[in-house]
Amino acid sequence: MSKELDKAYEPKKVESRIYEMWEKSGFFQPEADRSWADNPNKKKTYTIVIPPPNITGSLHMGHVLNATIQDILIRKKRMEGYQALWVPGTDHAGIATQNAVEKDLKKQGLSRYDIGREEFLNRVWQWKEKYGNQILEQLKKIGASCDWSRLRFTMDNAYQLEVEKAFFHYYKKGWIYRGEKVVNWCSRCQTSLSDLELEYKKETAKLYFIKYPLENGSLPSGEACFITVATTRPETMLGDSAVAIHPSDVRYKNLIGQCAILPLTDRKIPIISDRRVEAEFGTGAVKVTPAHSIIDSEIGQGHNLEFFKIIGEHGKMLPLAGKAYTGLSIADCRTKVVEDLEKQNLIEKIEDYEHNIAHCYRCGSVVENLPSLQWFLKMDELAKMAIKAVKSGKVKFHPSRWEKIYLDWLKNIKDWCISRQIWWGHKIPIEGVEDVLDTWFSSALWPFAIFENKKDLKKFYPTNTLVTARDIINFWVARMVFSGLEFMKKAPFHDVLIHATILTSEGKRMSKSLGTGLDPMNFIEQYGADATRFALIWQTMGTQDVHWSVDALVAGKKFLNKIWNASRFVLQQTENSKSEYRNPKQIQNSKFKIPKPKTQADKEILKKLKEITKNTSKNIDNFEFSQALHDLYDFFWHDFCDCYLESSKAQMANADLKENTQKILIYVLSNSLKLLHPFIPHVTEEIWSKMSFFAKALKDKSTMLIIEKWPTQ
RNA sequence: GCGCGAUUAGCUCAGUGGCAGAGCGUUCCCUUGACAUGGGAAAGGCCACAGGUUCAAUCCCUGUAUCGCGCACCA
């Protein structure tokens with residue numbers, strides 16, 4: 001026979017049909033009825049909230065790995081009888097989405113200012129309708145068993161209320177304040193940025209050594225009459241308020257308290273000492289520009305220096321820079337300042353210098369420092385809470401080394417600039433303010449803000465496991481922890497699983513702009529979702545980054561075919577059997593007896609099955625997914641197919657052994673399918689349904705593998 | 001500057017204080033009734049380098065090199 005199963009496994013014929021079947025069954029919802037009784041975990045919940053992808057893009061390889069891991073965890077818990085809930089959703093992603101829509105507008109020759117705030121926001125919502133769900137459809141394609149009835153978006157009405165509540169909660173505590181501080185400013189996005197939103201890129205620049213004349217004309221030695229400072233930003237000298245040196249720097253000891261004449265201006269600026277100056281850098285004397293450098297602003301505050309804001313929000317020089325420079329771009333101003341200094345012979349030398357320049361993480365423009373009126377959230381108490389949660393073990397990182405990234409950031413944290421001067425986002429709920437909140441302010445509330453009704457909140461919060469990528473440990477994980485502690489009095493999750501990053505086969509970062517990105521949808525199209533899941537998990541051993549290789553996909557495809565054909569064999573061999581073991585009702589019955597071995601081969605395979613059952617559970621619980629999959633692969637391919645299936649052929653020719661062998665075949669296959677199901681759900685469900693077909697029980701959805709009882713021995 | 005990770009077969013990676021492993025690739029044999037997307041066999045490794053601990057080190061310790069990644073500085 002083989003009219004029921006094709007000779008080769010063809011995912012395209014199967015996957016979308018199976019997914020629809022699951023969706024219709026309602027089994028993605030934790031409330032769904034289970035067919036089997038005496039479930040010890042019936043009252044327990046197991047919850048995962050998805051890291052909500054941005055509404056700007058489509059899934060990349062990292063998303064697929066991320067989702068596959070969550071799906072493995074959820075599917076196993078579901079089969080163990082838990083009320084397993086995986087909440088899906090998307091993030092409005094303030095700057096990122098706004099930029100995407102602006103780019104779209106630009107094609108029509110428009111800017112957001114041309115159409116105004118209201119119309120612009122309309123367009124963003126239209127964008128969200130159009131593209132926002134694309135990524136969710138892709139999640140379905142890979143088999144993610146999310147509860148779609150609980151789909152959330154960070155700008156849902158109910159969610160907006162939670163954000164407002166959170167804002168006022170902090171506000172009333174006095175933890176949110178408004179102030180003029182020197183912040184990171186992206187002059188393209190026209191908004192402030194937090195420290196985390198900066199990306200540093202190495203660049204070769206010029207280091208200019210500029211001579212500042214001393215007020216009294218000469219050093220006590222009577223030789224030089226300048227103090228030389230080194231800078232890569234000569235144009236910012238127009239906003240200098242001081243020259244600073246390290247207090248213990250003997251070279252300049254006598255100059256402290258004196259003044260220098262700031263060239264190109266008519267200002268006298270004091271020479272001060274400050275421990276933050278590094279004596280080894282440049283000449284050891286540094287120009288202090290309080291308005292355009294964060295560290296200088298701290299020095300400036302400490303010494304009561306004047307702040308000259310000479311660079312504006314659009315990256316143009318302001319009047320305080322002086323008449324000759326007003327209106328120039330930063331680059332033009334630099335050229336002119338250098339020329340003017342050279343005319344006066346005030347440039348001592350120019351050296352090449354390699355350093356890091358801050359760029360906007362969303363648009364890539366160079367970030368300026370400038371004083372700006374912004375909202376801040378006090379971080380000292382919140383950071384303490386978040387540190388304690390990890391140190392006390394209430395929140396656990398896997399692998400634990402990521403704790404350090406988290407703790408180091410929190411230990412040295414500054415107040416969080418939470419206002420952004422963009423239009424798309426949660427408006428700051430204070431009269432007369434046009435700013436919106438940093439997108440991460442709302443993401444930080446995700447694990448509880450998604451539960452709109454109190455019953456759900458009580459039942460599913462705190463969640464169990466957070467599965468995410470390392471680059472948002474501080475952006476997101478840390479902020480969720482303190483938000484959860486502050487608003488819910490409980491950390492939002494217990495385990496934080498930081499998974500591998502998927503790199504190209506050369507070990508390069510996958511990136512659209514570099515053209516090194518691979519679209520996982522192409523793999524799913526060509527090899528199927530199960531093979532893609534297999535390939536990702538197969539390669540993600542330990543927590544090392546993965547050098548993506550198509551070989552693993554091929555291996556996955558072959559393995560699926562192997563399972564398919566082994567199943568075909570077992571079904572053929574048991575087609576006319578009267579064994580109760582063919583009946584899924586029996587298979588799923590917890591009282592289902594383990595067949596008795598009659599031969600050495602029987603004994604071997606049953607022993608191996610017992611081992612693999614134990615190990616698979618253990619490995620999944622320890623987040624060792626790849627190990628679990630490798631072991632299952634070995635077991636199924638070598639122990640079951642190469643050894644037992646071959647032995648079974650002879651055994652079935654023996655009338656005394658035939659029926660018992662059939663029982664064992666069915667037993668081992670059905671347990672294998674269960675163990676494999678979290679990893680490769682479609683093919684296993686499809687085969688399972690064929691087994692049901694032989695028992696003429698297809699119509700009963702309670703026989704679906706997705707809710708089968710997870711094997712325990 | 002500080003820290004983290006890696007270095008094992010041609011490639012991608014597991015692994016263990018006591019004969020070195022997988023997938024893919026390569027070579028040879030097998031068109032046997034689940035599967036040629038298969039089966040059987042084989043070749044291929046000074047486990048980065050140098051010291052140390054040990055009866056024994058690829059594994060533990062110290063150092064070096066190379067690659068990758070964070071953080072800080074980035075005047």
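Quick note on labels: first sequence line is chain A, next is B, and so on, each numbered from 1. Keep in mind it's a predicted model, so treat the numbers as computed, not measured.
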Check: Do A/E348 and A/T228 have side-chain N/O donor and acceptor atoms under 3.5 Å apart?
Finding: yes
Review point. Is A/K404 close enough and on-axis enough to A/F397, meaning under 6.0 Å and within 45°, for cation-pi?
Key: no
Quick check: any donor-acceptor pair below 3.5 Å linking the side-chain of A/Y200 to the base of B/C74? yes
### Task
Return yes if the base of B/A34 and the side-chain atoms of A/E646 contain a donor-acceptor N/O pair under 3.5 Å, otherwise no.
yes
Checklist line | C1'-based separation of B/C2 from B/G18 [nearest Å] | finding: 39 Å
Picking from B/A75, B/C4, B/A34, the nucleotide nearest the side-chain atoms of A/Q572 would be B/A34
Rounded to whole Å, CZ of A/F625 lies from P of B/C13 at a distance of 20 Å
Here the distance between atom P of B/C71 and atom CD1 of A/I405, to the nearest Å, is 8 Å
Sorted by position of nearest nucleotide on RNA chain B, 5' first, the leading residue of A/F281 and A/A8 is A/A8
Exactly one candidate in A/R470, A/H499, A/Q539 meets side chain to side chain contact (heavy atoms under 4.5 Å, CB included) with A/D545; the answer is A/R470
Of B/U37, B/G40, B/C74, the nucleotide closest to the side chain of A/N561 is B/U37
In whole angstroms, the gap separating C1' of B/G21 from CD of A/Q627 amounts to 12 Å
The residue, A/L560 or A/L207, whose nearest nucleotide of RNA chain B is more 5′ is A/L560
*Across the strands shown, which category fits A/K562 at heavy-atom distances under 4.0 angstrom: base, sugar-phosphate, nothing?*
base
For this session: Using the C1' atoms only, state how far B/G45 lies from B/U12, rounded to an integer number of Å.
Result: 16 Å
A/N356 has its side chain closest, among B/A75, B/A34, B/C73, to B/C73
*Salt-bridge contact A/R233-A/E368 (side-chain N to carboxylate O under 4.0 Å)*: yes
Could you work out the separation of B/G15 and B/C55 based on their C1' atoms and round it to a whole Å? 24 Å
Against the side chain of A/N565, the closest entry in B/G39, B/A34, B/A75 is B/A34
A/Y644 atom OH is separated from B/C35 atom P, nearest whole Å, by 19 Å
Whole-Å distance, A/L536 CG to B/U12 P, equals 18 Å
For a quick test of reading the model: is some side-chain N or O of A/H547 closer than 4.0 Å to OP1 or OP2 of B/C13? yes
- prompt: In whole Å, what separates the P atom of B/U7 from that of B/U58?
  reply: 15 Å
For this session: For B/G23 and B/C71, measure between their C1' atoms and round to the nearest Å.
Result: 37 Å
Ranking B/A14, B/A75, B/G70 by distance to the side chain of A/V277, first place goes to B/A75
### Query
Does the gap between the ring centers of A/W564 and A/Y9 come in under 6.0 Å?
yes
It should be established whether A/K7 places a side-chain nitrogen or oxygen under 4.0 Å from OP1 or OP2 of nucleotide B/A36.
yes
Item checked: Contact check, side chains of A/M510 and A/L518, non-hydrogen atoms, under 4.5 Å -> yes
task: Quote, to the nearest angstrom, the C1' distance that separates B/G33 from B/A14.
output: 37 Å
When rounded to whole Å, the CG to C1' distance for the pair A/L503 and B/U12 reads 13 Å
Margin query: Whether the A/T616 and A/N619 side chains hold a donor-acceptor pair (N or O, under 3.5 Å, no angle test) is what I'd like checked.
Written below: no
For the residue pair A/Y325 and A/L264, establish whether any side-chain heavy-atom pair is separated by less than 4.5 Å. yes
Nearest-Å distance once atom C1' is located in both B/A50 and B/U66: 15 Å
Classified by glycosidic angle (syn within 90° of 0, else anti), B/C30 comes out anti
Practice problem: Decide whether A/N369 and A/S293 meet the rule of one side-chain donor and one side-chain acceptor closer than 3.5 Å. | Solution: no
When you compare the protein's N or O atoms with those of nucleotides 22-26 of chain B, which come within less than 3.5 Å of each other, and at what distance?
unit_1	atom_1	unit_2	atom_2	d
B/C24	O2'	A/D551	OD1	3.2
B/C24	O2'	A/D551	OD2	3.0

Review point. Can you find a pair of side-chain heavy atoms, one from A/V243 and one from A/V286, that are under 4.5 Å apart?
Key: no
Between the CG atom in A/L665 and the CD atom in A/Q651, the distance rounded to the nearest 0.5 Å is 8.5 Å
Separation of B/G3 atom P from A/K411 atom NZ, nearest Å, is 14 Å
Considering only heavy atoms and no angle criterion, is a donor-acceptor pair shorter than 3.5 Å present between the side chain of A/K404 and the base of B/C4?
no
Does a nitrogen or oxygen in the side chain of A/K557 sit under 4.0 Å from OP1 or OP2 of B/G38? no
Of A/K287, A/H292, A/R334, the one forming a side chain to side chain donor-acceptor pair (under 3.5 Å) with A/T236 is A/K287
From CD1 of A/I502 across to C1' of B/C13 the rounded distance in Å is 13 Å
Each base of RNA chain B marked ( ) or [ ] if paired in-strand (Watson-Crick or G-U under 3.5 Å), | if paired to another strand and . if unpaired gives (((((((..((((....[..)))).(((((.......))))).....(((((..]....))))))))))))....
*Determine the contact category for A/T232: base if any of its heavy atoms lies under 4.0 Å from a base atom, sugar-phosphate if only primed atoms, P, OP1 or OP2 are that close, otherwise nothing.*
sugar-phosphate
Measuring only the P atom in each nucleotide, how far is B/G21 from B/U16? A whole number of Å is fine. 14 Å
Side chains of A/I620 and A/F625: closer than 4.5 Å at any heavy-atom pair?
-> yes
With the side chain defined as heavy atoms from C-beta on, A/K649 is closest, among B/G5, B/A34, B/U12, to B/A34
**Request:** Select base, sugar-phosphate, or nothing to describe what A/A230 touches, counting heavy atoms under 4.0 Å on all strands.
**Result:** sugar-phosphate
Looking at every strand, decide which applies to A/D296 at a 4.0 Å heavy-atom threshold: base, sugar-phosphate, or nothing. nothing
Quick note, A/L645 side chain, CB onward, closest among B/U12, B/A34, B/C74 is B/A34
